[in-house]
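Input: a single structure, listed below in structure tokens.
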Amino acid sequence: MAGGSQTHARGRVLRRASGLRERASKAVYDYEFAKSRSLVDQALGVLDGAEEPGHQELIPVRVHVLITASYADIEAGEIERGLGRLDSADGLVGEIADAVVRKRMRLLSQEQRGFLLIRVGRPEEGVRALGPIAEELEADLAAGVGDPGLLAITYLNSSLGHILRARPDDAIAEARRCIEVAERHEADPTIAIKARHNLGYVAFMAGDMPTALSAYEESARICQDRAPTLLPVIRIDQARALLAAGLADEAARGLDEALPELRKQRGGRTSPRPR
């Protein structure tokens, strides 16, 4: 009876923590970082409160929560805390008994580390880290066992790394790969939206305002129905392009609409960048 009761209680913890993590992950994709941080802290509290917090069934979800938390922390400006959470996740991956789950969590953690290196100003290292992960995910997908969503995210983040390295051709190629994989496999729509945003940003940096404005407008149109919380970031970059094109009044209107919402999403920070 005691064993059955413990199993039942552990199942409740697993479902509760997993649900909170899924909501936190969605909040991250939607740029709602303050909300995401609150949800991951709740999830960790649920796991810590379990009768056996280190039980094998709970380790993968703890790893996943820590990975999500690391990104939310860094976007809130707490770089050391975010990297520390990722270190904790890495330390737990080897304790996962199931080989398939262990590999999935390893790839998730490694991809996140590559992305975080890019976000903290080390794009060369980040892009180098993401390359082998993409190759492994591509091989898995070709074998029918891969994770297309994670592959699309890897391409997306590699695109950002190339933008920061001033490699526009590589950034465009990776963004297009991201869009193709994400749409072919019907991944989270925010992934392809962010890749289109990156394409607009590359055009903006190259001084091609018509192409940039077209890309931003397409992203905004898709966001209206599928990911409205992404609109503030897109509108702000759209405003920059409008200003560069000499359309100051339109740019000001866009900023007036976007900045208050962006502050709420980022817990007071306003530093939109391509993803």
Side-chain angles (χ1 to χ4, degrees), residues 21-33 36 64 67-68 71-72 75 103-105 107-116 118-119 123 126-127 129-164 167-203 211-212 214-234 237-238 272-275:
R21 192 216 62 79
E22 289 170 7
R23 290 168 58 198
S25 181
K26 183 179 186 305
V28 160
Y29 282 127
D30 290 344
Y31 291 148
E32 297 181 298
F33 299 113
S36 179
H64 212 166
I67 291 170
T68 302
Y71 178 26
E75 288 295 345
K103 178 179 179 179
R104 180 169 179 267
M105 290 297 106
L107 288 170
L108 274 173
S109 186
Q110 289 177 341
E111 191 282 332
Q112 186 75 332
R113 186 169 295 278
F115 170 61
L116 294 185
I118 292 168
R119 290 300 279 124
V127 168
L130 292 174
I133 298 164
E135 292 175 2
E136 188 170 355
L137 289 165
E138 287 165 355
D140 286 348
L141 197 59
V145 296
D147 183 340
L150 183 57
L151 178 58
I153 290 169
T154 303
Y155 289 145
L156 174 64
N157 292 334
S158 182
S159 172
L160 171 61
H162 287 305
I163 287 173
L164 297 178
R167 301 283 295 271
D169 291 343
D170 291 335
I172 290 169
E174 292 289 77
R176 287 176 175 165
R177 289 187 188 102
C178 170
I179 293 167
E180 192 278 326
V181 170
E183 293 186 342
R184 174 158 51 94
H185 294 276
E186 299 182 345
D188 187 308
T190 62
I191 299 172
I193 290 169
K194 291 176 182 179
R196 286 190 172 88
H197 183 200
N198 283 6
L199 290 174
Y201 191 80
V202 171
T211 299
S214 176
Y216 289 146
E217 190 55 40
E218 182 181 11
S219 295
R221 178 181 55 78
I222 297 169
C223 280
Q224 293 281 1
D225 294 326
R226 309 193 71 182
T229 55
L230 300 189
L231 270 173
V233 170
I234 293 170
D237 280 347
Q238 188 176 40
R273 304 178 182 94
R275 167 63 157 100

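As the structure is a computational prediction, the values presented were derived from the model and not from experiment.
Looking at every heavy atom in both residues, L137 comes nearest to L107 through CD2-CD1, 3.9 Å. When all heavy atoms are compared, the tightest approach of I234 to Y216 is CG2-O, 3.5 Å. Listed here is the closest heavy atom pair of I67 and M105: CD1-O, 4.2 Å. Across A152 and I191, no two heavy atoms sit closer than the pair CB-CG2, 3.9 Å. Scanning both residues, A192 and I179, for their nearest heavy atoms gives O-CG1, 4.0 Å. The heavy-atom pair separating V28 from A72 by the smallest distance is CG2-CB, 4.3 Å.
In this structure the side chain of V127 never reaches within 4.5 angstrom of the side chain of R167, judged on heavy atoms. Put simply, the side chain of K194 does not reach to within 4.5 Å of the side chain of V233, judged on heavy atoms.
Summarising the geometry, atom CD1 belonging to I153 is positioned 7.5 Å from atom CG belonging to D188; distances are rounded to the nearest 0.5 Å.
One finds no salt bridge joining E183 and R226 here, because no Lys/Arg side-chain nitrogen approaches an Asp/Glu carboxylate oxygen to under 4.0 Å. The pair R177-E180 fails the salt-bridge criterion, with no side-chain N (NZ, NE, NH1 or NH2) lying under 4.0 Å from an Asp/Glu carboxylate O.
Between the side chains of E174 and S158, at least one donor N or O sits under 3.5 Å from an acceptor N or O.
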**Message:** What verdict does the side chain to side chain contact (heavy atoms under 4.5 Å, CB included) test give for H185 and L151, after you've listed the backbone C-alpha separation in whole Å, the side-chain angles of each residue and the deciding distance to 0.1 Å?
**Reply:** CA-CA 11 Å; H185 294 276; L151 178 58; over 6 Å; no
